[in-house]
Amino acid sequence: MAGAVNAARQQSPARVRPFVVRPMEERHLRQVSEVEKDAFPTQFPSTSFRRELRNKTAQYLVAARSDVHGRPSPDLPPLPDYPVESPNGPFLNRLARSARGVWRRHADTWRPGEELVTGFVGLWYIADEVHIVSIGVRSEYRGLGLGEMLLISAIEQARQMRSEVMTLEVRISNHVAQNLYKKYGFTKQGVRKRYYSDNREDALIMTTTPLHTEEYARRFRSLSIEYERRWGGFVRRTPNRSQI
């Protein structure tokens with residue numbers, strides 16, 4: 001089996017996408033809050049990510065672009081435009097701010113020199129389970145495999161933490177997300193009636209099979225290789241068990 005996996009990995013593309021998945025830090029808070037508002041505009045109340053940083057049962061991971069300091073990748077959305085203030089007067093500055101509002105409507109909190117946070121996943125570790133609180137991706141980065149990249153990173157960390165199973169809730173109408181979760185071994189376990197506060201929609205409760213069986217390990221390795229063949233690899237900076 002190990003030989004087959006190594007052979008499959010050797011056939012995977014060498015291309016690594018300009019994304020790094022790392023633990024959320026205080027420097028990411030403004031952007032993560034912005035991503036949440038973009039991904040879940042009707043959510044109320046919004047998440048207190050600063051409080052989550054202090055929550056010993058929580059671990060948030062962010063997906064950030066790593067090409068912000070060099071030549072941007074041509075197959076990704078352009079980096080947000082951030083024009084400098086004009087020395088020629090307030091009228092030109094107002095025009096610049098107006099243009100910035102058009103071009104940077106989804107990244108108002110990003111500043112040059114910072115990582116651009118494109119998505120996040122929130123995890124709560126409770127006993128031998130890990131619960132996915134939410135996965136959010138900036139609207140202009142949807143359809144580029146980032147949600148799946150964050151899910152892979154979450155499962156990798158849960159396995160490192162020796163968690164037995166992973167659980168989540170998903171809107172009963174969100175068939176795209178449900179299909180992604182089913183692909184990674186989540187099955188329906190029940191329904192939470194009127195779970196979402198914005199429209200009282202029901203939520204499906206979904207749970208994986210045990211994460212440390214050989215069957216799940218084979219399935220997850222295969223899916224990870226399939227993902228990298230389609231989208232390319234990415235850099236992990238996720239903590240191990242001793243660092244949490």
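Because the structure is a prediction, the values reported are computed rather than measured. We use all heavy atoms of the structure for the numbers below, so side chains are in, but hydrogens, waters and symmetry mates are not.
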Asks: So how far is it from F44 CZ to S197 OG, rounded to the nearest 0.5 Å?
Replies: 8.5 Å
Asks: Carefully, step by step, assess S222 and R219 under the rule side-chain contact (heavy atoms from CB on, under 4.5 Å).
Replies: CA-CA 5 Å; S222 176; R219 177 177 188 169; 5.8 Å; no
Asks: Measuring from I135:CD1 to L151:CG, what's the distance to the nearest 0.5 Å?
Replies: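 Taking CD1 in I135 and CG in L151, the distance rounds to 5.0 Å.
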Asks: Less than 3.5 Å apart, any donor N or O on the side chain of Q189 or T207 sitting next to an acceptor on the other?
Replies: no
Asks: Could you tell me which non-hydrogen atom of L150 sits nearest to which non-hydrogen atom of V62, and how far apart they are?
Replies: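 Heavy atoms of L150 and V62 come nearest at CD2-C, 4.4 Å.
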Asks: To the closest 0.5 Å, what do you measure between CZ (R218) and OG1 (T213)?
Replies: 8.0 Å
Asks: Among the clusters formed by ILVMFWY side chains lying less than 4.5 Å apart, do Y184 and W231 turn up in the same one?
Replies: yes
Asks: List the atom of L211, the atom of A158, and the distance in Å for their closest heavy-atom pair.
Replies: CD1-CB, 3.9 Å
Asks: Hey, does the side chain of S163 reach the backbone of E129 with a donor-acceptor pair shorter than 3.5 angstrom?
Replies: no
Asks: State, with a plain yes or no, whether a side-chain heavy atom of F186 is found less than 4.5 Å away from one of T209.
Replies: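 SC-SC contact between F186 and T209 ruled out.
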Asks: Would Y227 end up clustered with V121 when hydrophobic side chains under 4.5 Å apart are linked, directly or stepwise?
Replies: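 In one cluster: yes.
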Asks: Any salt bridge linking K37 with D108? Criterion: basic side-chain nitrogen under 4.0 Å from a carboxylate oxygen.
Replies: no
Asks: Tell me whether the rings of H131 and W124 are parallel (<30°), tilted (30 to 60°) or perpendicular (>60°).
Replies: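 It falls in the tilted class, 30° to 60°.
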Asks: Please walk me through it: do E169 and Y196 pass side-chain contact (heavy atoms from CB on, under 4.5 Å)?
Replies: CA-CA 10 Å; E169 288 91 14; Y196 293 98; 4.2 Å; yes
Asks: So do E115 and R22 actually touch side chain to side chain, heavy atoms under 4.5 Å?
Replies: yes
Asks: E148: what forms a salt bridge (Lys or Arg N to Asp or Glu O under 4.0 Å) with it, not counting sequence neighbours?
Replies: K183
Asks: Could you walk me through whether R194 and E201 pass salt bridge (Lys or Arg N to Asp or Glu O under 4.0 Å), step by step?
Replies: CA-CA 5 Å; R194 299 178 293 280; E201 185 175 356; over 6 Å; no
Asks: Does a side-chain heavy-atom distance below 4.5 Å link L61 with Q157?
Replies: yes
Asks: Between I172 and M206, is there shared hydrophobic-cluster membership here, with clusters defined by ILVMFWY side-chain heavy atoms closer than 4.5 Å?
Replies: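 As far as the 4.5 Å side-chain criterion goes, M206 and I172 are connected within one cluster.
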Asks: Between E36 and T47, do the side chains contain a donor N or O and an acceptor N or O under 3.5 Å apart?
Replies: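 Judged by distance alone, the side chains do pair up.
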Asks: What is the minimum heavy-atom distance between Y216 and G185, and which atoms define it?
Replies: CE1-CA, 4.3 Å
Asks: Considering only heavy atoms from C-beta outward, does the side chain of R51 approach that of N55 to under 4.5 Å?
Replies: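 R51 does not reach N55 side chain to side chain.
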Asks: Would you check if S153 and F234 make a side-chain contact, meaning some heavy-atom pair closer than 4.5 Å?
Replies: yes
Asks: Apply salt bridge (Lys or Arg N to Asp or Glu O under 4.0 Å) to R138 and D38, showing your working.
Replies: CA-CA 6 Å; R138 289 188 188 273; D38 182 23; 5.5 Å; no
Asks: To the nearest 0.5 angstrom, please state how far the CZ atom of R230 sits from the CD atom of E226.
Replies: 8.5 Å
Asks: How about R159 and F220: do any of their side-chain heavy atoms sit closer than 4.5 Å?
Replies: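 The answer is yes; the side chains approach within 4.5 Å.
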Asks: Is the CZ atom of R71 crowded by more than 12 outside heavy atoms at less than 6.0 Å?
Replies: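 12 or below, so no.
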Asks: Taking a hydrophobic cluster as the set of Ile, Leu, Val, Met, Phe, Trp and Tyr residues connected by side-chain heavy atoms closer than 4.5 Å, whether directly or through intermediates, do I152 and V170 fall within one such cluster?
Replies: yes
Asks: Verify side-chain contact (heavy atoms from CB on, under 4.5 Å) between K188 and I205, making sure each step is shown before the conclusion.
Replies: CA-CA 6 Å; K188 176 182 171 182; I205 305 167; over 6 Å; no
Asks: Out of R30, H28, H69, which residue meets the side-chain hydrogen bond (donor to acceptor under 3.5 Å, both in side chains) rule with E114?
Replies: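 The passing option is R30.
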Asks: Can you find a pair of side-chain heavy atoms, one from F40 and one from S134, that are under 4.5 Å apart?
Replies: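 They are in contact (side-chain heavy atoms under 4.5 Å apart), so the answer is yes.
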Asks: Taking all heavy atoms of P23 and all of R237, pick out the closest pair and write down the distance.
Replies: CD-O, 3.0 Å
Asks: Do E25 and Y60 have side-chain atoms, one donor and one acceptor, less than 3.5 Å apart?
Replies: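 No.
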Asks: To the nearest 0.5 Å, what is the distance between OG on S48 and CG on L29?
Replies: 8.5 Å
Asks: Quick one: does R65's side chain get under 4.5 Å of L76's, heavy atoms only?
Replies: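 Touching, per the 4.5 Å side-chain cut-off.
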Asks: Quick one: does Q31's side chain have a donor or acceptor within less than 3.5 Å of a partner on V117's backbone?
Replies: yes
Asks: Apply the test salt bridge (Lys or Arg N to Asp or Glu O under 4.0 Å) to residues R17 and D67: give CA-CA distance (whole Å), side-chain angles for both, the deciding distance (0.1 Å), then the verdict.
Replies: CA-CA 9 Å; R17 303 178 84 195; D67 61 345; over 6 Å; no
Asks: With hydrophobic residues grouped by side-chain heavy-atom distances under 4.5 Å, do F19 and M24 end up in a single group?
Replies: no
Asks: Output the distance between atom OH (Y141) and atom OG1 (T118), rounded to the nearest 0.5 Å.
Replies: 6.5 Å
Asks: Which atom pair, heavy atoms only, marks the closest approach of A39 to G136?
Replies: CB-CA, 4.0 Å
Asks: Strictly by modelled atom types, are N199 and R171 linked by a side-chain donor-acceptor pair under 3.5 Å?
Replies: yes
Asks: Can you give me the closest heavy-atom contact between A154 and L123, atom names plus distance?
Replies: CB-CD2, 3.8 Å
